[in-house]
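Written below as structure tokens is the structure these notes are about.
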Amino acid sequence: MNKKIAVLGAGSWGTTLAILAARNGCRTLLWGHNPEHMAALAQDRENKRYLPGLAFPENLTVTSNLAEVADFCSLILVSVPSHAFKDTLLKLKAYLSSDVQIAWATKGFNPDNGSLLHEVVADIFSAQTSAALLSGPSFASEVAAELPTAITIASSQPDFAGLLADILHSERFRTYTNSDLIGVEVGGAVKNVMAIAAGIADGLGFGANTRAALITRGLNEIIRLGVKLGGKQETFMGLAGLGDLILTCTDNQSRNRRFGLALGQGKDTHTAIKEIGQEIEGISAAKETFLLAKKYGVDMPITEQTYKVLYEGLAPLAAVQNLLAREQKAES
């Protein structure tokens, strides 16, 4: 393959995607914002902090220079936290030509105003910019270890989705395409809120019955908001909806679930964040989802109680009791 791709974000997921593309024969450039960290990656030929013991392929190079990224290629895959997404693209734009293709593996909302990330891309570049999102049930360590994984690539431009699928698809990493960018974005962002809620319930010792109920009712909340914002209901029954929700709510590789567990076990937010030591997207997503639900009049009780635990000091046990005390109603 003569394809080139630049991956922005040298955390566990960005590094994994860069390794995956390189393994598939692409010339790949991995960018990170910290020059010292990137110098260590260049010297060690592995990411010892996030993926120790996993050697970089020869066709994977690294940099901390965005100008070098722009010179390398026009196909950019962004894997930075949602709070850094807009700022990273604004800095990159100064070096890029108008024919840039932007994909992202970031799951979250724009914290400035709760907008979806494809809207951020359109605002910074143009509505005609080739844009796509990678999402689905995919822990970085398992993808890096070449354990079988399936994800969704969502784009309104089938040719661009197909190009990304060709770059990333392998015998152990299956790529599906989807035209519902909004649905895939909402599913990927809000599932992190539900993972915190599920972790809280498990931390309180409420068991499998409670967890299953939270996942099921949480999926209903995601669907209600996603459809209201323009997503398709069937998207939420796929990899980027139900698949990602199950993964994130049930496995302790999930940072959001572990964060909720810590809160349920009585630890404060600061301690839980420090112990995990990596980005916990569900914290900001809880606020942004709560505000979107209020704005559009969408009933999201699990989101509301999670928001109150994180931002209003509500005790985790009281949040669960509030959910159980809700008026009896028909399932819908």
>> Quick check for you: to the nearest 0.5 Å, what is the distance between Leu133 atom CG and Ser155 atom OG?
In response: 9.5 Å
> So which heavy atom on Pro52 is nearest to which on Lys48, and how close?
Replying inline: CB-O, 3.5 Å
>> When you measure from the side chain of Arg27 to the backbone of Asn59, do you find a donor-acceptor pair of N or O atoms at a distance under 3.5 Å?
In response: no
> Which is it for Arg211 and Thr250 under the side chain to side chain contact (heavy atoms under 4.5 Å, CB included) test, yes or no, and what are the steps along the way?
Replying inline: CA-CA 8 Å; Arg211 187 188 317 120; Thr250 61; 4.0 Å; yes
>> Are Phe125 and Leu116 connected into the same hydrophobic cluster when the rule is that any two of I, L, V, M, F, W, Y join if their side-chain heavy atoms are below 4.5 Å apart?
In response: no
>> A side-chain contact here means heavy atoms from C-beta on lying under 4.5 Å apart; do Glu46 and Leu51 qualify?
In response: no
> Without hydrogens or angle criteria, can the side chains of Thr271 and Asp268 be said to hold a donor-acceptor pair below 3.5 Å?
Replying inline: yes
>> One pair to check against side chain to side chain contact (heavy atoms under 4.5 Å, CB included): Leu147 and Val143. What are the steps and the verdict?
In response: CA-CA 6 Å; Leu147 300 180; Val143 174; over 6 Å; no
>> Set out, in order, the CA-CA distance, both residues' side-chain angles and the distance that settles side chain to side chain contact (heavy atoms under 4.5 Å, CB included) for Thr235 and Thr152, then state yes or no.
In response: CA-CA 10 Å; Thr235 297; Thr152 293; over 6 Å; no
>> If I compare all heavy atoms of Gly108 with all of Ser82, which pair ends up nearest, and what's the gap?
In response: CA-CB, 4.0 Å
> Would a hydrophobic clustering, with Ile, Leu, Val, Met, Phe, Trp and Tyr connected at side-chain separations under 4.5 Å, put Ile302 with Ile215?
Replying inline: yes
> Any side-chain heavy-atom pair from Thr16 and Tyr50 closer than 4.5 angstrom?
Replying inline: no
> Counting only heavy atoms not in Glu58, do more than 12 sit closer than 6.0 Å to its CD atom?
Replying inline: no
>> Using a 6.0 Å distance limit plus a 45 degree cone around the ring axis, check whether Arg257 lies over the aromatic ring of Phe259.
In response: no
> Crowded around Asp99 CG? As in, over 12 foreign heavy atoms under 6.0 Å?
Replying inline: yes
> Where do Leu181 and Ala154 come nearest, in terms of heavy atoms and distance?
Replying inline: CD1-O, 3.3 Å
> Hey, what do you get for OG1 (Thr306) to CG (Leu314), rounding to the nearest 0.5 Å?
Replying inline: 10.0 Å
> Heavy atoms, side chains only, cut-off 4.5 Å: are Val320 and Phe206 in contact?
Replying inline: yes
> Is any NZ, NE, NH1 or NH2 atom of the basic residue among Arg217 and Glu221 found under 4.0 Å from an Asp or Glu carboxylate oxygen of the other?
Replying inline: no
> Between Val186 and Val227, does a side chain to side chain contact (heavy atoms under 4.5 Å, CB included) hold up when you go through it step by step?
Replying inline: CA-CA 9 Å; Val186 173; Val227 170; over 6 Å; no
> Do Ser254 and Leu247 have side-chain heavy atoms sitting under 4.5 Å apart?
Replying inline: no
> How far apart are the closest heavy atoms of Val69 and Ile76, and which atoms are they?
Replying inline: CG1-CD1, 3.7 Å
> Which residues satisfy the side chain to side chain donor-acceptor pair (under 3.5 Å) test with Arg255, sequence neighbours excluded?
Replying inline: Ser12
> Donor-acceptor pair, Arg45 side chain versus Pro57 backbone, under 3.5 Å?
Replying inline: yes
> Any side-chain heavy atom of Asn192 within less than 4.5 Å of one from Ile196?
Replying inline: no
> Within a strict 4.5 Å, meaning less than it, do heavy atoms of the Thr28 and Ile19 side chains meet?
Replying inline: no
> When rounded to the nearest 0.5 angstrom, what distance separates CZ in Phe85 from CD1 in Ile102?
Replying inline: 7.5 Å
> Can you check whether His118's main-chain N or O pairs, donor with acceptor, with Glu185's side chain at less than 3.5 Å?
Replying inline: yes
>> Distance alone, cut at 3.5 Å: any donor-acceptor contact between the side chains of Thr63 and Asn65?
In response: no
>> If you count every heavy atom of other residues, nucleotides or ligands that lies below 6.0 Å from His37 atom NE2, does the total exceed 12?
In response: yes
> If you count the non-hydrogen atoms of other residues, nucleotides and ligands that lie under 6.0 Å from CZ in Arg49, is the total more than 12?
Replying inline: no
> Are the side chains of Leu75 and Phe160 in touch, meaning some heavy atoms are under 4.5 Å apart?
Replying inline: yes
>> With salt bridge (charged side-chain N to carboxylate O under 4.0 Å, His left out) as the criterion, how do Arg258 and Asp251 come out once you've worked through the C-alpha distance, each side chain's angles and the decisive distance to 0.1 Å?
In response: CA-CA 9 Å; Arg258 294 204 313 273; Asp251 194 289; over 6 Å; no
> So if you build clusters from Ile, Leu, Val, Met, Phe, Trp, Tyr with side-chain heavy-atom gaps below 4.5 Å, do Leu310 and Phe109 land together?
Replying inline: no
>> When you measure from the side chain of Asp180 to the backbone of Lys232, do you find a donor-acceptor pair of N or O atoms at a distance under 3.5 Å?
In response: yes
>> For Lys4, is the NZ atom crowded, meaning more than 12 foreign heavy atoms sit under 6.0 Å from it?
In response: yes
>> Can you give me the closest heavy-atom contact between Gly14 and Ser79, atom names plus distance?
In response: N-OG, 3.3 Å
> When clusters are formed by joining ILVMFWY residues with side-chain heavy atoms under 4.5 Å apart, either directly or through shared neighbours, do Ile151 and Phe236 land in the same one?
Replying inline: no
>> One pair to check against side-chain hydrogen bond (donor to acceptor under 3.5 Å, both in side chains): Thr15 and Asn47. What are the steps and the verdict?
In response: CA-CA 7 Å; Thr15 303; Asn47 192 331; 2.9 Å; yes
> Nearest 0.5 Å, what's the CG-OG1 distance between Leu117 and Thr106?
Replying inline: 6.5 Å
>> The test is salt bridge (charged side-chain N to carboxylate O under 4.0 Å, His left out); show your working for Lys267 and Glu275 and say whether it passes.
In response: CA-CA 10 Å; Lys267 297 178 181 178; Glu275 286 181 352; 2.9 Å; yes
> Atom CD1 in Ile273, atom CD in Gln278: separation rounded to 0.5 Å?
Replying inline: 13.0 Å
> Can a salt bridge be assigned to the pair Lys107 and Asp244 using a cut-off of 4.0 Å between side-chain N and carboxylate O?
Replying inline: yes
>> Would you compute the distance between atom CG of Leu168 and atom OG1 of Thr149 and round it to the nearest 0.5 angstrom?
In response: 12.0 Å
> Under a 4.5 Å side-chain heavy-atom rule over Ile, Leu, Val, Met, Phe, Trp and Tyr, are Leu30 and Leu17 clustered together?
Replying inline: yes
> Can you check whether Leu245's main-chain N or O pairs, donor with acceptor, with Thr248's side chain at less than 3.5 Å?
Replying inline: no
> Checking side-chain contact (heavy atoms from CB on, under 4.5 Å) against Leu242, which of Ile223, Leu219, Ile222 comes through?
Replying inline: Leu219
>> Looking at Asn24 and His169, would you say the former's side chain and the latter's main chain have a donor-acceptor pair under 3.5 Å?
In response: yes
>> Side chains of Gln101 and Ser74: any donor to acceptor distance under 3.5 Å?
In response: no
> Looking only at atom types and distance, does a side-chain atom of Thr216 sit under 3.5 Å from a main-chain N or O of Leu214, one as donor and one as acceptor?
Replying inline: no
> Where do Leu66 and Thr88 come nearest, in terms of heavy atoms and distance?
Replying inline: CD1-O, 4.5 Å
Exercise answer: donor-acceptor pairs, residues 284-298 side-chain atoms, under 3.5 Å, sequence neighbours excluded:
| residue | atom | partner | partner atom | Å |
| --- | --- | --- | --- | --- |
| Ser284 | OG | Glu281 | O | 3.3 |
| Thr289 | OG1 | Ala285 | O | 2.6 |

> Taking the side chain as C-beta and beyond, is there a heavy-atom pair between His33 and Met38 under 4.5 Å?
Replying inline: no
